[in-house]
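Below is one structure, written out as structure tokens; the observations come after it.
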Amino acid sequence: MRFCPAVLAAALVCSFGAGSVLAAENSAVHPGQWPSAHWPLPPDSVLEKRVASLMAKMSVEEKVGQLIQGDILSVTPEDVRKYRLGSILAGGNSKPAGLRIVNAEQWKATADAFYRAAMDTSDGHFAIPLLFGIDAVHGHNNTVGATLFPQNSALGNAHDPELIREIGAATAAEVRATGINWTFAPTLAVPQNERWGRAYEGYSQDPKIVASYATAMIEGLQGKVGTPQFLDSSHVIASAKHFLGDGGTKDGKDQGDTEVSETVLSKLHAAGYVPAIDAGVQTVMASYSSWNGQKMHGYKALLTDVLKQRMDFQGFVIGDWNGHGQVPGCSNDDCPISINAGVDMLMAPDSWRGLYEHTLAEVKSGAIPMARVDDAVARILRVKFRAGLFEAGMPSAQPLAVKSAEVVGSAAHRAVARRAVRESMVLLKNNGGLLPLDPRKRILVAGDGADSISRQSGGWTLTWQGTGLKNEDFPGAQSIGAGIVEQVSAAGGQAEIAADGRYAHKPDAAVVVFGEDPYAEFQGDLPNLLYRPGDNHDLELIQRLHGDGIPVVAVFLTGRPLWVNREINAADAFVAAWLPGSEGGGVADVLLRTRDGHIAHDFRGRLAYTWPRTAVPGQGAPQFPLGYGLSYATNRAALPTLPEVSGISGEQLSVSNYFDRGKAARGYAFSLTGADGGVTAGDVSPATTADGSLRMTALDYKAQEDSRRFSWNKGGAEVAIRAQTPVDLDRQTNGDVLLVTTLRVDALPGRDAWIGMGCGKACQGRVALGAQLAALPPGQWTRMGVPLKCIRAAGADMHHIDKPLVWSAGQGAALTISRVVLGTDVDVVIDCAK
Ligand code: BGC
Ligand code: BGC
């Protein structure tokens with residue numbers, strides 16, 4: 001995408017793509033040239049006295065504890081009691097023990113257990129309440145039954161800060177009702193490339209929209225400074241994230257490098273932070289990304305000189321999930337550089353214990369100056385005092401928590417979300433005035449998205465990736481199809497949902513709901529803007545219905561504009577519905593007339609992201625510019641046929657899909673290594689090593705020859721999937737990502753099987769499977785996951801993986817494999833501690 005806001009174009013500093021020229025000459029930071037912000041809270045001597053008197057009594061151990069945040073998967077209340085940690089978080093996949101998804105009661109119980117530990121003074125410590133953080137990024141999205149608002153890239157199209165304020169307030173109330181007091185939101189990224197897997201977390205590519213929403217969202221979440229509601233018991237602490245330049249990385253690569261001038265960084269990417277600070281945002285999260293090659297988590301000039309001094313930010317800086325570990329010279333459990341650069345609290349999900357020990361030693365040795373520690377602790381304690389946490393009491397006993405059943409997913413909150421759905425949809429095409437549809441007619445709702453609350457909600461929904469969910473996981477929510485059926489039936493028409501588009505009676509019109517599968521963070525990064533390369537089933541569905549003489553409305557569910565010119569051409573009307581969340585009924589509100597033929601809700605959404613003309617990002621003028629969007633009232637003209645040249649030739653290598661549906665992915669191939677070391681290509685089956693120790697045959701699982709069976713005649717032989725060029729899996733390893741093999745154990749006489757990855761000559765990480773493989777249900781298909789972290793711990797260099805799968809087993813073993821991918825959805829996770 002190429003986009004140059006007027007203010008920058010005038011100064012001729014806006015040059016995406018070729019930006020590195022300017023960047024190189026301009027990496028020094030000049031704080032005086034940055035916009036200044038004004039911390040809105042007046043000096044407070046009472047607060048300062050409380051902070052000072054508490055700090056005067058704290059030991060250095062207690063101070064260091066305040067700087068560290070652990071994740072509930074790796075930290076227990078007992079740990080909090082012992083180490084006096086300042087905070088805990090629940091990451092996207094982090095649930096209280098054993099739960100798949102979590103409801104309000106379960107969150108309250110978790111919050112209470114940690115609160116009790118933090119307030120326990122039995123061993124002579126001071127009671128300092130905890131900050132409990134969670135990613136409530138489109139509503140309280142990690143909670144069963146919560147209101148799920150449209151994702152941010154949808155909300156941008158509404159151009160309605162008041163709506164955003166209401167969403168913030170509703171989200172805050174739902175979070176507080178579950179005993180949690182801090183959300184890692186809003187994202188103030190200004191995404192410049194839709195290939196980025198987090199583009200949907202940003203409101204707009206236009207910094208003006210991001211800035212106007214920043215104020216509204218922060219005031220909604222925290223309450224307005226100067227009113228009694230500010231940080232009261234129905235509000236939460238907000239985090240503006242990710243500081244800075246997360247939306248500007250080269251090629252839209254998540255956690256990548258933002259190669260732009262200081263002017264672009266300060267005017268475009270920082271646009272949301274000035275109003276955020278003016279609105280009193282209490283925390284700012286550092287970005288994983290770099291600016292011109294230097295990691296933000298170690299960038300003192302930006303975190304301290306610009307953010308804290310020039311921009312007057314007086315809250316505290318929280319690090320991102322092991323983000324400090326990516327700073328050169330640091331590791332996940334040791335990083336004085338980050339603290340010295342200005343990060344006040346480090347997010348150390350699984351690394352908190354080592355980080356605590358190292359940080360303590362570094363404070364004692366002076367490597368981290370005591371003054372820096374005192375500044376960080378004071379900032380954290382001020383936030384805790386301002387938020388009233390010392391007086392708030394047990395999380396579950398707080399005003400909204402005692403009535404959580406009335407607050408979480410309340411009718412009032414759902415009404416706000418439904419309005420947001422209506423306001424954020426953008427009408428791209430309406431030839432022949434097909435829309436609005438008459439609800440007294442016969443309507444077919446087809447497509448994979450017709451009845452899928454998961455698909456309409458996207459990532460950061462109940463799970464990190466938003467995958468592995470069924471409609472039953474969303475009590476109180478409504479799918480888009482269900483919303484249409486409800487209104488059509490009420491008006492006396494007939495509507496049916498059939499994902500595959502098969503109908504018994506020919507409908508008067510069809511609504512095809514289709515779009516992206518859910519994803520989060522780097523798992524959503526794309527090589528180009530093609531929608532589902534190599535898979536035309538949505539297009540074919542639209543074409544088939546149209547070919548049957550049925551007028552078709554296409555409703556596209558997506559986190560970002562993608563190249564869908566063929567789908568737009570094939571349909572009579574085309575609606576960008578983005579990721580609308582739990583209130584699918586909002587779509588029907590706009591697509592349908594009322595039963596007496598009126599238009600109750602016209603389209604109001606206008607693009608906050610340009611829509612691409614080809615699948616090559618940044619190429620030529622957009623298909624639809626910023627601000628584009630039709631409405632019933634004003635537009636009658638037909639959209640002419642759009643060009644169908646994607647501009648992409650050949651597919652790019654996937655880093656996360658190795659073998660599926662009987663085929664090794666492009667750029668990957670099976671190879672067999674005999675017990676004698678001889679290598680045999682495995683691209684055709686059957687294949688046998690020259691020494692006869694390993695044999696591969698093709699087998700049918702769901703389709704003909706869609707899987708491979710490996711049988712070992714001798715122990716020590718290995719099967720591998722080789723990559724043409726090594727892939728970098730470092731980012732994947734930082735999360736909870738697993739190497740997922742869909743397999744069936746046919747025979748396993750011994751216990752010596754292992755799985756691993758290769759990383760060049762004499763470089764390998766192997767995880768013993770032993771009894772855990774034997775424990776899989778014999779003869780049954782299972783999705784088995786091996787944490788990438790285990791493979792790294794076993795010695796693999798995750799930056800250069802040339803064999804994303806290596807598997808060995810003993811004599812007589814036989815395994816059948818149908819799929820090898822990276823992912824998070826599995827039946828069994830291998831425990832590498834065993
Ligand atoms: C993301 C943050 C998020 C954090 C905690 C990180 O990977 O970058 O946006 O707040 O995890 O879940
Ligand atoms: C966590 C997310 C986090 C991500 C970082 C996941 O395991 O659940 O909250 O953002 O890792 O990569």
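Between Asp602 and Arg422 there is no salt bridge, since no side-chain nitrogen of the basic residue lies less than 4.0 Å from a carboxylate oxygen of the acidic one. Checked for salt-bridge contact, Asp589 and Arg418 meet the test: a charged N lies under 4.0 Å from a carboxylate O. For the pair Asp251 and Lys253, the salt-bridge criterion is not met [side-chain N within less than 4.0 Å of a carboxylate O]. Ion pairing between Asp517 and Arg455 holds under the 4.0 Å rule for side-chain N and carboxylate O. Salt-bridge annotation for Glu521 and Arg731: absent, with no side-chain N of the basic residue lying under 4.0 Å from a carboxylate O of the acidic one. A salt bridge does not link Lys429 to Asp572: none of the charged side-chain nitrogens sits closer than 4.0 Å to a carboxylate oxygen. In this structure, Asp135 pairs ionically with Lys241, as a charged nitrogen and a carboxylate oxygen lie closer than 4.0 Å.
Residues Phe522 and Tyr288 place their aromatic rings such that the two centres sit no closer than 6.0 Å. Note: Tyr668 and Phe659 fail the aromatic proximity criterion, with ring centroids not under 6.0 Å apart.
Scored by the side-chain contact (heavy atoms from CB on, under 4.5 Å) test, Pro561 finds Glu194, Trp578, Tyr609, Trp611, Pro612 as partners (sequence neighbours excluded). Every residue two or more places apart in sequence or in another chain that forms a side-chain contact (heavy atoms from CB on, under 4.5 Å) with Leu579 is listed here: Gln151, Tyr200.
In the displayed structure, His601 atom NE2 is contacted under 6.0 Å by more than 12 heavy atoms of other residues, nucleotides or ligands.
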